[in-house]
Structures are given as C-alpha cells and as structure tokens.
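The structure appears below as structure tokens.
Protein chains get the first letters and strands the later ones, always in sequence-line order, with residue 1 at the start of each. For the numbers below, each heavy atom of this structure counts, side chains included, while hydrogens, waters and symmetry mates do not.
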Amino acid sequence: MMTGDWIDVGALVEIPLRGARTIKAANGEEIAIFRTAGNRLYALVNRCPHKQGHLSQGIVHGEAVTCPLHNWRISLSTGEALGEDEGCVPTIPVRADAGRVLVSRVAMLAMLAAA
Amino acid sequence: MDFQGTGIGAEDRDDASDTVGTQRLVVIGNGMAGCRAVEEILARDPGRFRITIFGAEPHVNYNRIMLSPVLAGEKSFDEIVINDAAWYADNGIDLVAGDPVVAIDRAARTVTANSGRTVGYDRLLIATGSDPFIIPVPGKDLPGVISFRDMKDVDAMLAAADRGGDAVVIGGGLLGLEAAHGLSLRGMKVTVLHLMPTLMERQLDEAAGWLLKTELERRGQTILTGADTAAIVGEGQVEGVALKDGRTIPASLVVMAVGIRPSTALAREAGLAVGRGIQVDDHMVTSDPAILAVGECVEHDGQVYGLVAPLWEMCRALADGLVAEPSGYRGSVTSTKLKVSGIDVFSAGDFSGGDGAEDIVLRDAARGVYKRLVLREDKVVGAVLYGDTADGSWYFDLLRKGDDVSSIRDLIIFGQAFAQGGGQADPKAAVAALSDDAEICGCNGVSKGKVVAAIQAGACSLDAVRATCKASASCGSCTGLVETILALALGDEVESGPKTICPCSSFTHGDVRREIVAQELRSIPEVMQKLHWTTPDGCSSCRPALNYYLLCAWPGDYVDDQQSRFVNERLHANIQKDGTYSVVPRMWGGLTNPRELRAIADVVEKYDAPMVKVTGGQRLDIFGIRKEDLPAVWADLNAAGMVSGHAYGKALRTVKTCVGSEWCRFGTQDSTGLGVKAEKMSWGSWMPHKFKIAVSGCPRNCAEATIKDFGVICVDSGYELHVGGNGGIKLRGTDLLCKVATEQQALDHIAAFIQLYREEAWYLERTAPWIERVGIDHVRRRIVEDVVGREALTARFLFSQSFSQDDPWAARAAGKHREQHAHLGEFRPLEILAAEGAR
Ligand code: SRM
Ligand SMILES: Cc1cc2nc3c(=O)[nH]c(=O)nc-3n(C[C@H](O)[C@H](O)[C@H](O)COP(=O)(O)OP(=O)(O)OC[C@H]3O[C@@H](n4cnc5c(N)ncnc54)[C@H](O)[C@@H]3O)c2cc1C
Ligand code: SF4
Ligand code: FES
C-alpha cells in the first residue's frame, strides 16, 4: 500500500452501518463518507445536486442515500440522482484497510481546487 | 510482480547438493500448505529432492479446518490426520516436529531450528501459515486466555470445558462462532462478544447475520454485538472480560478469535520482500529465487487468503513452476461455509452490491430461509444463503465462470433444479402448468383450483382474493404466485391492489402492523425476513415506518434504530435548507418565565443565532445552529429547566392554550392549567405523525382547538372533546368526540385517543385522514362506548410514556451519540503537504 496516495481519516467503526460521517476540508467543503449495510464505503461531496442538501444526513438504503431535504435519491457509487431526477455530485475514491478509512489524496486535492 | 530472472539461474543451483541426482528441499511449516506442496512436487517428480520438513507443532500434518468438529466432539484427532508417519517414511522425508525454525541464513543457504539443528538447502519453502491476532488489552496474557489455531488450543478448551463454567469468545466471525458452538456443546455457558453490529459481517449481509444470531441465541448462547473489549480481568487466572461500556462478563476461559496475521517474522528477518504477507510471484517464488513460499503466509498480487481453497491452487502452481511446466497462479475467488451443525450458511463473492448491481432476494419465513444473489451485467457476482445452501456450489460455479444468466434470471433464485428444469424459463408458464390441486398458499391450504374459482366468482384483485379464499392473506409469501394466477385468469382486468407500504414489500401498512403483533416480530431485520421483503435493507420509506411500528408495539423493549430515523429525529432538531438546525424548547402550554427567556436570549447571543422567532405554536424557535453546537445549546437550555419541544418529531408538538378562567372575563375553566397538564402527560411519545393539542377556555375558541388533532373547549358544565382537526394542507374541522365533566376525565380521554391513534394509524397519517379512513363512529365506539377498552388504552399509553419521558436533549448534552454531532475528521492539505516534505 502506498500511504502517500491515501489519507487516513479515521476508524471504520466510527461510521455506523447504513450511516455516514463527514470530513471537513480546509475550505469549508464537506465530504460525506457512507457505509452501507453490505459494509461497503463510498464518499461523496456532501451537497445534494438539487439544492445542496447535506446528503450525510439522509437515510442510507441499498447503494443509495435519500436526501433529507426533498427526498431525491442519490446513487452512492456514481453520485447520480436516481429515478426521475437529474443531477450529479462528485464522488471520491475511498476504501477501508485494517479498520481505517482511507480517502484518495489526489481526489481530495482536486475537489479542493475545483471548489 | 515477478521475481524470476532477477538472480541466480538453474546452473548455479547444484553446487550445494550433497546427494548425487537430488537437491535438498527444506520446508518450514508442517501444515496444510507445506505438506500439500510436497505432495504436489512428489506427484510430478518423486526423485528430484531430498526433503526435510520442520514443524513447530509436535504432530504429523493434520487437517486444521477439522479442529472445529474435534472441539464439537464429532471427530477425534486421529480422524483428521492427513499425512501419517508412514507417509513421511515412505517418501524419505525427514520430519522435524516440535522444533520451530528460528533463523534463515540466505548467504549460507541454511536454516537453524530452536534446538540448534542446522540444515542446508538448495530450495527453501516457507509455509508458516498465520498467527492469531491478539488484541492488545490489559490481561491478554492471563492464564485461561487462548486463541483457536492448533491442536494445543483445542486441548486447552477441552480441559476448560471439563471444569465447566462460563466462556467468552471474542470475535463473531467464522472461527469464533465455531469455537462458541463447540464449547457450548461441551456444556459451557458461552457469550460471544462481537465488535461489529452483525455477526460474520465480512461473509454475511445484515439479514443473514440477524438470522444467524437469532438461531444461536435460541440455542442458548449469548451474543453481544457492538461489544468493545476494554480489558481481561482476573487475579492470576482469567475471571472475566470488561467491556468499554462498563459491563463485565464473567469467564473462566476466554477465546480470542478476532482475526489472523500472516506469519512473516522469519522471512522479514531474512530480508525477503514482505508486505502484508511474504510477497510471491505467480510461481510462488519470493524475492530470493532460491526461496518459495505458499499458504496463508504469502501475499500474491496484493491479496492474502485465510481459507484452504486458494492453497490448493497455489500448491499446484508452485509444483508446476518448480519441477514441471510453469502454469502460474492467478489468484482465487473464495466461498465460505460455517461448520456449525444444523445451521446452513454460505457466502461467496461480493454481495455488498455497488455499481449497477442488482439484488434478487428470496425469503421463506416458514422454513427460515434467506437467499440473496447479486448480479452485475447479467452475471452472478455474489451470493449469501441462509437456511438452504443446497445451491451454493451451483451459484459459486456460475460466479467463478462468469456465465451470463439472463435467460434464467427469473428463476435462478429458486435453485438449479427449478431454473434449469424442463426448460420452463417463463415463470408465468410455470404457474400456468401447475395442476389445479397444486398448493398455492401453505398457510391456509389453498390450492390453485380454489384461487381460480375465487377469481371466476368475481375476485378481481389481490385483496379480493385474500378476502374470499384467504390465499396470501397470512404470511404473504405466495403473493407473487397469486398475482400471476390473477394475471393469467384476467389479463389486463386485474384491479390494482391496496397500496403497499413501499416497493420493498407486498404488504400494506395495515398488514405489517397486524403481523408485527400477531407474530411477535421484534426487530426490523425480523420483520423483513418474516414478511418477505424484496430488498436486503429496505428503503427510506419503509424503515422509519417499521421502526415506529416496533417501538409502538414493544414499549421499553424495542431498541430504536437511529439509522432508520429521518434526520430531524436523529438529531433532535429541524434541518434547515442551509444544513444548520433550529431549536425549539418546550414551553408548557405556551407559558414561560424570565429564567427561560433569559436562557434563550443568552443562547441566541452566545451561538450567534441569526434569528429567533415566535412560532405559530406558542413558543420560541432559535434558528441557524450548527450540528456541532447542538449539544452545548441544549446543555444551556437544560440548565434553565427546559427540555426538547419535539418540533422535529412525529410526536406531540405543542399544546396551545388561551388564558382561560384565571384572567379572561369569559373563561369558564382553567384552560391554561389543563393544557399544561395535557402536555406534561403526552410529551415525548412517538406517534405515526405529529400531533397537536389545544385547549380553549370558552367557545370563542382563541386557541383554535377545532383545527387540532385533539381540541378541548371548556364550557360551564365541563369539557367538550374534539378530534381529528387539521389546519395544514387540507383544512379539516374537528369531529365532536364527547363531553366530559372533569379535568381528569378530559386527560384520560386524551391519553386513550392518542394511544388508539398510535396503535391504528399508518405511519405518516395524521389524525384527520386516519379518522376519514376509519370513521368517527369507530373512534367513538372504542373510546366513548367501550369504557373498559378506553381504560386499557389509557393504561397502555401511560405505560409506554414511562419509557419515553427522558429528555433526549439531556442525553445528547451528556455525550450520547456524540458521533452524530462531530466530523469524522478534518482535511487540511497544507499540513499534509508539509508533513510529506518533512519525510
Ligand atoms: C416554526 C413553525 C412556523 C412558525 O414560525 O410559526 C412551523 C414550521 C414548520 N412547519 Fe408547520 N410550523 C409551525 C406551525 C404550524 C401550524 C400551526 C399550529 O400548529 O397551530 C400548522 C397548521 C396546523 C396543523 O398542523 O394542522 C402547521 C402545518 C404544517 C404542515 C402541514 C401539516 C398537515 O398535516 O397538513 C407541515 C408539513 C408536514 O408536516 O408534512 C409543516 C411543516 C413545517 C416544517 C417542519 C417544515 C419542515 O419540514 O422543515 C417547518 C419547520 C421549521 C423549523 O425548522 O422550525 N407545518 N405548522 C410553527 C412551529 C410550531 C411549533 O412551535 O412547533
Ligand atoms: C479452527 C479452524 C477452522 C477452520 N475452518 C476452515 C474452513 O472451514 N474452511 C477453510 O477454507 N479454512 C478453514 N480454516 C483455515 C485453514 O485451516 C487455513 O487456511 C489453512 O490451515 C492454512 O494452511 P497453511 O499451511 O498456510 O497454515 P497452517 O495450516 O497453519 O500451517 C502452518 C504450520 O507452520 C507451522 N509453523 C509456523 N512457524 C513455524 C516455524 N518457524 N517453524 C516451523 N513450523 C512453523 C505452524 O505451527 C503450522 O503447523 C480454519 C482454521 C482454523 C484454525
Ligand atoms: S408555511 Fe411553509 S415555509 Fe412557512 S414554515 Fe411552514 S413549511 Fe416552512
Ligand atoms: S436538496 Fe437534496 S433533494 Fe433537495
């Protein structure tokens, strides 16, 4: 594992199954890290493509999260709105290793640069 | 990676051989992989090597996976030996058992064992397996704390079981559960501590994990999930395990089965390339061309394995590369089975879903079966089977081959026999082909002929079929079949059935509520299993509903599922469009005082709240609080005696009052006082939707009681009780329920009405549409006419309130669910760049 490419942002047990936690970036932007019932990790920029709702606060089901503000369903793997709605939120590579949560450094830097 | 060709070639090799025509092969590790590799080599070229095997254990090679049946008393050690002493002798193998190798000298090409014995090699094979991972807690070295890896551990467990008493197994994975099973069969009282929320979470999804836990509990084991070990306690001998939550579980034996680590110390000291395991190429050659490695101790292509199937494939590639045509190992796909008698569990591949993945779920509650297949691009990528694993190997085969299964997509979940039998790929055709006396509904014994007869007699919808012949009216597992019969009989004329709770289920809200009570279902996974949910973990519509129904059915017993709550109820505050929250403390009956007002004013200033507003519900709303600050805000409000106003909840909101007889010249009764009493009685209760009460002191009705869920209008002779009003989206005036004489009677009726609503309404149905649906007469009958029934409702409400009147804000202010108010971490790129520069 090349640690330089991945940033350790915390312990996996801190994210509840079917739940999410957030990472606060230096510029105020937030990343939401989701853990599904199937124990899979996903990371999205914490802004709903509809009206910037905090996706981290939505209900996680299957591989999707329902936005808490107006119930859009967002795919955790692609960041795209599901069903009738249209829109997309950036995703960030994330993985678990030895009980730690690692996010892609390059993607985080790119996200900061774009914001 | 490929280490071949980086060092010496074959011509350099023969210098150290001391026997003509043979080279020396030394194997470190007399376990499953080491011996299998030797077998594979001998099968290809029996004369090539003179072989010495070093084994740390004082045994011949035995089948490690059968230690579980040995512990359970189903097998003896002799029965699990793979290679007996004769095998070593017949093949001229020198076995040095009970003497571990302690050093490898790569320059001299020798290995040295603990006893000092040194042996030279031309080729060295490292097959040291894994070491159990011991969690570094105080007390881990106490006598009585063991792992589960070899025969010595089994002997220690058997000795402990002879003495009886309590055993704790730390780790609810495959190994831990097999240890727990064996110990409990041997008469010990076993508790399994598992850090994660569900058992075997790496092999099973939540639904199967729940079924497994239920079955093990039924067999008498105690399973504690989310249990984090703080220390192992005892004086000179283990006496118990202390958890981080403060509990201590007594134990005279503690088995740690939390995981394994490749055993790489020897290789690392010898300077071989080691990552998570000893790194090998496709021919199991390490970074030193004279040294090979195989089994659990290796890392191939970034992967390490903890099961035997990959070893067999590795050993084949190793032998091919060493003495025959190199074939190359390409990694393994693995499947898991739990070896606990009477519990069938199978899992394979990737069942966590993901990109474009499609779930097929089959639940058969009566047989305790759960099957889930995950397909991606028409291929099976994962499978979890519980209760019926007969088709596990078929699914695993489809998975490994990557077969396109689109032609059997509709039937695949029923298994190989059904999906491939008779070429009936169309489920409609399969149903059409059923004979008239084929049983459709097992619960009510209804044949296909009876269903067809009911339809021909006019039952044109699922509901009508249920009502007339009872097919699919009980557990519902045959709903799909009945729908197919309806479609076959009527074509397009099928009337759509009643609205189901959500697309995850074929049950209506009413069905679900009834079955939770009738079948005593006590958790969300249990409801989903017994009522045949078609998704593994529901959706954002059904989960909050199920959470509420269970909470209502089992007060004091059911543990709320935070992940099934809408954000407002999870955070006990209303989310705003900018992601901040509003905070509304309770002001009983709309009354307040200087201390409360001062505390609110202080909070507004201290947290820079951009706005504070008088609400339409007679209290104050503080806006713009960040989720991180909520606990501190609540602590400040608590300090002034205020509790949550539940302005965010499907719960009692406000009790609006007018000034009443105490001040008003028209007031007939103390409406303010009654309002405060009603609010003190009802606050904190979870309900199908929000619930508002108002009490007006006279028919002028200044508190707008006739558009509330429950409205009281005071008159000279008593209290008029009104129900089912709504001032919201669709205006509805209340219906008069009855008139009572005393304040206490009014309170008793409020409690009974709320409880009836809590028990009968559907989730997210306010009292107005609920009463329109069931009729005011029904409500009057239950509450006014049936006095005994009313008293029982009131008692049930007060009982459930005894568990729900703890202020949720106080708990949060004291640190409960801290994680919901804090970020997991922060990302400051400048610091990271600086740290990297410093490296
Ligand atoms: C704050 C307040 C407006 C105000 O500033 O006065 C308010 C604010 C909201 N109302 Fe209301 N309602 C408020 C009194 C009312 C009233 C008046 C009353 O209670 O006397 C009504 C009509 C009466 C009724 O409920 O029958 C009312 C009918 C609604 C409705 C429609 C309900 C319906 O059944 O038709 C909604 C939408 C819903 O619940 O789905 C709603 C939803 C909302 C929500 C929760 C919208 C949302 O989901 O975020 C607003 C939350 C703002 C916040 O963050 O606090 N609010 N809302 C009032 C809070 C009262 C309190 O102290 O708790
Ligand atoms: C209780 C139990 C149940 C299991 N059930 C299953 C199952 O159902 N299905 C499945 O696929 N897998 C199962 N496994 C896993 C399976 O047993 C292992 O994957 C397999 O044994 C690994 O083989 P190995 O040769 O790499 O390691 P091992 O079989 O552990 O062999 C390594 C040997 O090397 C020895 N050794 C280590 N260091 C030295 C040294 N320095 N000098 C000399 N000798 C040394 C060790 O003492 C050991 O005997 C189970 C394991 C256990 C413990
Ligand atoms: S009336 Fe509409 S905008 Fe105003 S508080 Fe209620 S929900 Fe929000
Ligand atoms: S902001 Fe997410 S649905 Fe509207």
Side-chain angles (χ1 to χ4, degrees), chain A residues 1 4 7-27 29-31 33 36-40 42 46-47 51-54 56-69 71 73 75-78 97-99 101 103 105 108-109 111-113, chain B residues 195-198 201-202 205-207 226 228 275-276 302 350-357 359 374 382 384 504 535-544 561-568 570-571 575-579 627-628 819-820 822-833 836 839:
Chain A
M1 184 189 72
I7 310 161
D8 183 331
V9 292
L12 182 62
V13 289
E14 299 264 332
I15 309 179
L17 283 181
R18 294 182 275 101
R21 295 291 301 279
T22 47
I23 311 276
K24 204 181 177 76
N27 62 352
E29 186 80 82
E30 286 182 11
I31 306 301
I33 303 191
T36 64
N39 214 0
R40 197 181 259 263
Y42 294 102
N46 197 16
R47 271 186 283 118
K51 292 188 174 175
Q52 276 84 54
H54 282 193
S56 59
Q57 300 294 8
I59 291 183
V60 177
H61 47 96
E63 307 293 311
V65 59
T66 298
C67 177
L69 291 195
N71 292 330
R73 286 179 304 121
S75 157
L76 293 175
S77 55
T78 63
D97 189 56
V101 179
V103 295
R105 194 179 69 118
M108 286 292 276
L109 291 172
M111 183 275 302
L112 284 191
Chain B
L195 182 61
M196 293 295 155
T198 57
E201 76 286 345
R202 275 180 305 167
D205 62 8
E206 199 185 16
D228 201 354
R276 284 200 289 160
D350 177 3
F351 52 85
S352 60
D355 233 349
D359 282 313
V374 183
V384 183
C504 305
T535 49
D537 64 343
C539 70
S540 56
S541 298
C542 59
R543 283 226 313 269
D561 179 25
Q562 289 291 298
Q563 282 0 293
S564 295
R565 289 246 180 214
F566 180 63
V567 53
N568 288 0
R570 210 182 318 125
L571 280 174
I575 195 165
Q576 305 295 315
K577 60 186 209 175
D578 66 351
K627 77 174 177 196
E628 298 92 301
E819 77 285 354
Q820 305 210 342
H823 293 293
L824 177 64
E826 296 204 5
F827 176 64
R828 295 197 206 83
L830 288 180
E831 283 172 21
I832 288 174
L833 292 175
E836 284 184 354
R839 273 212 303 235

Side-chain donor/acceptor of [X] to backbone N/O of [Y], under 3.5 Å:
| X | Y | result |
| --- | --- | --- |
| R21(A) | A822(B) | yes |
| R202(B) | N39(A) | no |
| D537(B) | H61(A) | no |

Closest heavy-atom contact between [X] and [Y]?
| X | Y | result |
| --- | --- | --- |
| P68(A) | V567(B) | CB-CG1, 3.4 Å |
| Q563(B) | L17(A) | CG-O, 3.1 Å |
| S540(B) | T66(A) | OG-OG1, 2.8 Å |

Winner by heavy-atom pair count (cut-off under 4.5 Å) against chain B, out of A64(A), G53(A), A37(A):
A37(A)

Non-neighbouring partners of D228(B) that pass salt bridge (charged side-chain N to carboxylate O under 4.0 Å, His left out), sequence neighbours left out
K244(B)

Could you measure the distance from the [atom1] atom of [X] to the [atom2] atom of [Y]? Nearest 0.5 Å is fine.
| X | Y | atom1 | atom2 | answer |
| --- | --- | --- | --- | --- |
| K24(A) | E826(B) | NZ | CD | 7.0 Å |
| I59(A) | R543(B) | CD1 | CZ | 6.0 Å |
| H823(B) | E14(A) | NE2 | CD | 14.0 Å |
| H54(A) | D578(B) | NE2 | CG | 7.5 Å |
| K577(B) | Q52(A) | NZ | CD | 10.5 Å |

Heavy-atom pairs under 4.5 Å with chain A: which of R570(B), M196(B), Q562(B) has the most?
R570(B)

Considering only heavy atoms and a distance below 4.5 Å, find which of E206(B), E201(B), Q820(B), R276(B) pairs most often with chain A.
E206(B)

Identify which part of [X] has an atom lying under 4.5 Å from any heavy atom of chain B, answering side chain, backbone, both or neither.
| X | value |
| --- | --- |
| V60(A) | backbone |
| I23(A) | both |
| A20(A) | neither |

Any donor-acceptor N or O pair under 3.5 Å, side chains S56(A), K627(B):
no

Check whether R565(B) gets within reach of chain A through its side chain, its backbone, both or neither, counting any heavy atom under 4.5 Å.
backbone

Portion of Q576(B) that has a non-hydrogen atom of chain A nearer than 4.5 angstrom
backbone

Take D561(B) and R18(A) through the side-chain contact (heavy atoms from CB on, under 4.5 Å) test and state the conclusion after the steps.
CA-CA 10 Å; D561(B) 179 25; R18(A) 294 182 275 101; 3.0 Å; yes

Derivation of the side-chain contact (heavy atoms from CB on, under 4.5 Å) call for L824(B) and I15(A)
CA-CA 8 Å; L824(B) 177 64; I15(A) 309 179; 3.9 Å; yes

